[in-house]
Amino acid sequence: MIKFKKIPSSEITPEHIYYDRRNFIKNLGLILGSTALSSFTNKSFALLNTLPSFAQSKERDKEKLSSYKDITSYNNYYEFGTSKSDPQDHAHLLKIDPWSISIEGSVAKPLKLDIDELIKLIPLEERIYRLRCVEGWSMVIPWVGIPLHSLLKKVSPTGNAKYVEFISLKRPNEMIGQKDDMLDWPYTEGLRMDEAMHPLTILAVGLYGKVLPKQNGAPIRLVVPWKYGFKSIKAITKIRLVEKMPISTWMKANPKEYGFYANVNPEVDHPRWTQATERRIGENLLSPRLKTQMFNGYLEEVAHLYQGMDLNKNF
Ligand code: MTE
């Protein structure tokens, strides 16, 4: 078996330097526009120096980032196996160059782009989001990506576009977990149109100012911070705007346990465990569990999307 190529530690910006640089950029108040990246496929591009400062709330700023090591070695990515270390061990088998993503369906101007073209089209931003997994753990991750709404606007959605379906890759020779049919491949996910257009929803292409590692969904994955982590589909190849609510992989696999909305909600337990608390990966196992916040802390920003809905039924 080919050994997983680890990024040498010299290539990874240590957390404390990363913080200092971010604060430096922020203190200067620099809003740097789009990126001047030569080639996305060049692993060592200097994303960090081209990032705009990101206006965060004081509260979120105080949260300690999870380490690069934890973010890239404790993963859920069933295409490579079901244990947390499988993605790090096997994702190197996936070929991500060339890669294109198409946006189609109920749109006036369908698009097919490779990742280079995409990031030239829409400026990259940094967003620090908590990823709360339905299994009861969480991490704080500095993503680099583009707001999904910026991309969707480019394709001019028609009146029939009520939902957005995301489709991942199916390539069992490279994604060795797909030799097992425990899930219906390719992995798919869905959002309602207003959720997809929400400014918090991003397509990520990097983290910690580096190109997204394969185990985290390279070259492009979704991040919807107020929903459980399984909505954040990795290795996206197709985005389809559709009229009917898409049935996601997890809904198909177990409709009693996984619903379409999957909003982080400490008041609605998973049928087999509580969702009231979470364990932050990287913290001492003996540290007390943290209280999970409604909509993962984004109550103010997203509560209006679900006004009048029974969240016990629409879980
Ligand atoms: N995307 C694909 N294609 N396949 C998967 O198995 N797992 C999901 C989500 N995206 C998954 C996926 C789950 S359950 C979680 S919690 C997050 O990815 C984990 O993202 P991370 O490994 O970057 O923390």
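Contact of the V107 side chain with the S156 side chain is not registered, since no non-hydrogen atoms from C-beta on lie closer than 4.5 Å. A heavy-atom distance below 4.5 Å is found between the side chains of I96 and W99. Contact check for W143 versus V223: side-chain heavy atoms found under the 4.5 Å cut-off. Put simply, the side chain of Q275 does not reach to within 4.5 Å of the side chain of T292, judged on heavy atoms. Looking at L191 and T201, their side chains come closer than 4.5 Å, going by heavy atoms from C-beta outward.
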Going through the checks in order, is the salt bridge (Lys or Arg N to Asp or Glu O under 4.0 Å) test met by K95 and E174? CA-CA 7 Å; K95 295 192 181 76; E174 295 170 25; 3.8 Å; yes
Check against salt bridge (Lys or Arg N to Asp or Glu O under 4.0 Å), E117 and K120: CA-CA 5 Å; E117 290 171 320; K120 271 185 208 139; over 6 Å; no
Side chain to side chain contact (heavy atoms under 4.5 Å, CB included) between R272 and E257, worked out: CA-CA 8 Å; R272 288 184 282 140; E257 297 194 358; 2.7 Å; yes
When you look at E79 and R171, which way does the salt bridge (Lys or Arg N to Asp or Glu O under 4.0 Å) test go after all the steps? CA-CA 9 Å; E79 284 87 335; R171 210 183 272 164; over 6 Å; no
Could you go step by step and tell me if M193 and L241 meet the side chain to side chain contact (heavy atoms under 4.5 Å, CB included) rule? CA-CA 8 Å; M193 194 64 185; L241 281 72; 3.7 Å; yes
Step by step, would you call L151 with L113 a side chain to side chain contact (heavy atoms under 4.5 Å, CB included)? CA-CA 11 Å; L151 179 61; L113 298 163; 4.2 Å; yes
Test log, rule side chain to side chain contact (heavy atoms under 4.5 Å, CB included), inputs N263 and Y306: CA-CA 10 Å; N263 291 321; Y306 309 104; 3.4 Å; yes
Steps toward side-chain hydrogen bond (donor to acceptor under 3.5 Å, both in side chains) verdict (S73, Q88): CA-CA 6 Å; S73 61; Q88 187 195 34; 5.0 Å; no
Pair Y208, E126 - check side-chain hydrogen bond (donor to acceptor under 3.5 Å, both in side chains), show working. CA-CA 9 Å; Y208 262 119; E126 180 180 74; over 6 Å; no
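Using a 4.0 Å cut-off between a side-chain N of Lys or Arg and a carboxylate O of Asp or Glu, E283 and K64 qualify as a salt bridge.
A donor-acceptor contact shorter than 3.5 Å is absent between the side chain of Q178 and the backbone of F80. A donor-acceptor pair is defined here as one N or O able to donate and one able to accept, closer than 3.5 Å; such a pair exists between the side chain of T249 and the backbone of T188. Not a single donor-acceptor pair under 3.5 Å links the side chain of S106 to the backbone N or O of P157. In this structure, D70 contributes its side chain and S66 its backbone to no donor-acceptor pair below 3.5 Å. The main-chain N or O of L290 is never found under 3.5 Å from a side-chain atom of T277 such that the two would form a donor-acceptor pair. Distance alone, capped at 3.5 Å, places no donor-acceptor pair between the N75 side chain and the Y77 backbone. Checked by atom type and distance alone, the side chain of N296 pairs as donor or acceptor with a backbone atom of P225 at under 3.5 Å. Panel note: side chain D180, backbone M182; a donor-acceptor pair is recorded below 3.5 Å. No donor-acceptor pair closer than 3.5 Å links the side chain of H90 to the backbone N or O of Q215. In this structure, R240 contributes its side chain and I167 its backbone to no donor-acceptor pair below 3.5 Å.
Between W137 and Y74, the ring centre distance stays below 6.0 Å. Proximity of the aromatic rings of F295 and Y298 is defined here by a centroid distance below 6.0 angstrom, and this criterion is not met. Residues W250 and Y258 bring their aromatic ring centres within 6.0 Å. For an aromatic pair to be called close, the ring centres must be under 6.0 Å apart, and Y228 with Y261 fails this.
If you chain together hydrophobic residues whose side chains sit under 4.5 Å apart, L222 and V140 fall into the same group. Hydrophobic cluster membership is shared by I247 and I239, with clusters built from Ile, Leu, Val, Met, Phe, Trp and Tyr side chains linked at under 4.5 angstrom. Under the 4.5 Å side-chain heavy-atom criterion for ILVMFWY residues, no single connected hydrophobic cluster contains both F315 and V134. Cluster membership for V268 and M251, using ILVMFWY side-chain heavy atoms within less than 4.5 angstrom, is not shared.
Side-chain contact of E63 with Y129: a donor-acceptor pair under 3.5 Å is absent, judged by distance alone. Residues K84 and N76 bring a donor and an acceptor atom of their side chains to less than 3.5 Å of each other. For R130 and S138, the side-chain atoms include no donor-acceptor pair closer than 3.5 Å. Using modelled atom types and a 3.5 Å distance limit, the side chains of Q293 and R132 yield no donor-acceptor pair.
With values rounded to the nearest 0.5 angstrom, I119 atom CD1 is found 9.5 Å from I146 atom CD1. The distance from the CG atom of L207 to the CZ atom of R127 is 15.5 Å, given to the nearest 0.5 Å. In this structure, CG in L152 is found 8.0 Å from CG in L203, a value given to the nearest 0.5 Å. Annotation: the span from D86 atom CG to I176 atom CD1 amounts to 7.0 Å, rounded to 0.5 Å. If you take CG on D194 and NE2 on H149, they are separated by 13.5 Å, rounding to the nearest 0.5 Å. Separating the CG atom in L111 from the OG atom in S100 is a distance of 11.5 Å, to the nearest 0.5 Å.
Scanning all heavy atoms of the two residues, the minimum distance from N216 to R221 falls at O-NH1, 2.8 Å. Contact record, K244 with V242: O-CG2, 3.3 Å, taken as the closest heavy-atom pair. Residues K231 and F260 approach most closely at NZ-O, 2.6 Å, considering heavy atoms. Closest approach of A196 and V164 over heavy atoms only: CB-CG2, 3.6 Å. Between S102 and E104 the shortest heavy-atom distance is OG-OE1, 3.4 Å. M175 and A235 get closest at one heavy-atom pair: CE-CB, 4.4 Å.
Environment of NZ in K252: crowded, with over 12 heavy atoms of neighbouring residues, nucleotides or ligands closer than 6.0 Å. Within 6.0 Å of atom CG in D181, 12 or fewer heavy atoms from other residues, nucleotides or ligands are found, so the atom counts as exposed in its surroundings.
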